[in-house]
Amino acid sequence: MQRAIKAAASLQCLTLIECAPGRYDFYMDEAIRAPCFITNTASEIENPDITKTIGLLFRGMRNITLDGKGALFVFHCKQTMFVISELKVTNSFLKKRSP
């Protein structure tokens with residue numbers, strides 16, 4: 001999925017990422033580690049390291065639509081599912097799964 005996101009970001013035009021129907025599992029060891037300040041979590045004083053484990057990163061991307069075609073995205077363990085900025089998500093289901 002990250003390869004598709006990276007390829008879509010490089011196009012610089014209206015882009016549709018379509019997933020085949022089914023289940024997609026996202027694990028921490030395949031996730032992106034990136035700084036990301038999330039306002040509804042611990043403050044900078046409580047947690048000065050804002051590095052997050054992110055399942056799907058769509059930062060600074062415009063004109064991209066992710067169409068899950070009814071897919072189920074399952075995020076395993078402790079990770080932020082999405083970091084999104086200006087992304088349209090359609091026809092998808094999200095589920096958080098603990099170890």
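What you see is a predicted model; the values in this text were computed from it and never measured.
- Separation of atoms CD1 (Ile64) and CD1 (Ile5) is listed at 8.0 Å; rounding is to 0.5 Å.
- In plain terms, the two heavy atoms of Val83 and Cys36 that are nearest each other are CG2-SG, 3.9 Å.
- In this structure, CD1 on Ile32 lies 4.5 Å from CG on Leu57, to the nearest 0.5 angstrom.
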side-chain contact (heavy atoms from CB on, under 4.5 Å) between Leu56 and Tyr24: does it pass, once the steps are laid out?
-> CA-CA 12 Å; Leu56 296 172; Tyr24 295 81; over 6 Å; no
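- The structure places NZ of Lys69 at 11.0 Å from CG of Leu66, a figure rounded to the nearest 0.5 Å.
- A distance of 11.5 Å separates SG in Cys19 from CG in Leu72, rounded to the nearest 0.5 Å.
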* Stepwise, does the side-chain contact (heavy atoms from CB on, under 4.5 Å) test hold for Phe26 with Met1? -> CA-CA 9 Å; Phe26 298 89; Met1 182 69 79; 4.0 Å; yes
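- The CZ atom of Phe75 sits 10.0 Å away from the OG1 atom of Thr80 when rounded to the nearest 0.5 Å.
- At least one side-chain heavy atom of Leu16 sits less than 4.5 Å from a side-chain heavy atom of Asp67.
- Hydrophobic clustering keeps Met28 apart from Val74 (ILVMFWY residues linked when any side-chain heavy atoms are closer than 4.5 Å, directly or through intermediates).
- Contact detail for Arg59 and Pro35: the closest heavy-atom pair is NH2-O, 2.8 Å.
- Scanning both residues, Gln79 and His76, for their nearest heavy atoms gives NE2-O, 2.8 Å.
- Between the side chains of Arg33 and Thr53, at least one donor N or O lies within less than 3.5 Å of an accepting N or O.
- In terms of heavy-atom proximity, Ile17 sits nearest to Phe58 at CD1-CE2, 4.4 Å.
- Remark: side-chain polar atoms of Thr15 are paired, donor with acceptor, to backbone N or O of Cys13 under 3.5 angstrom.
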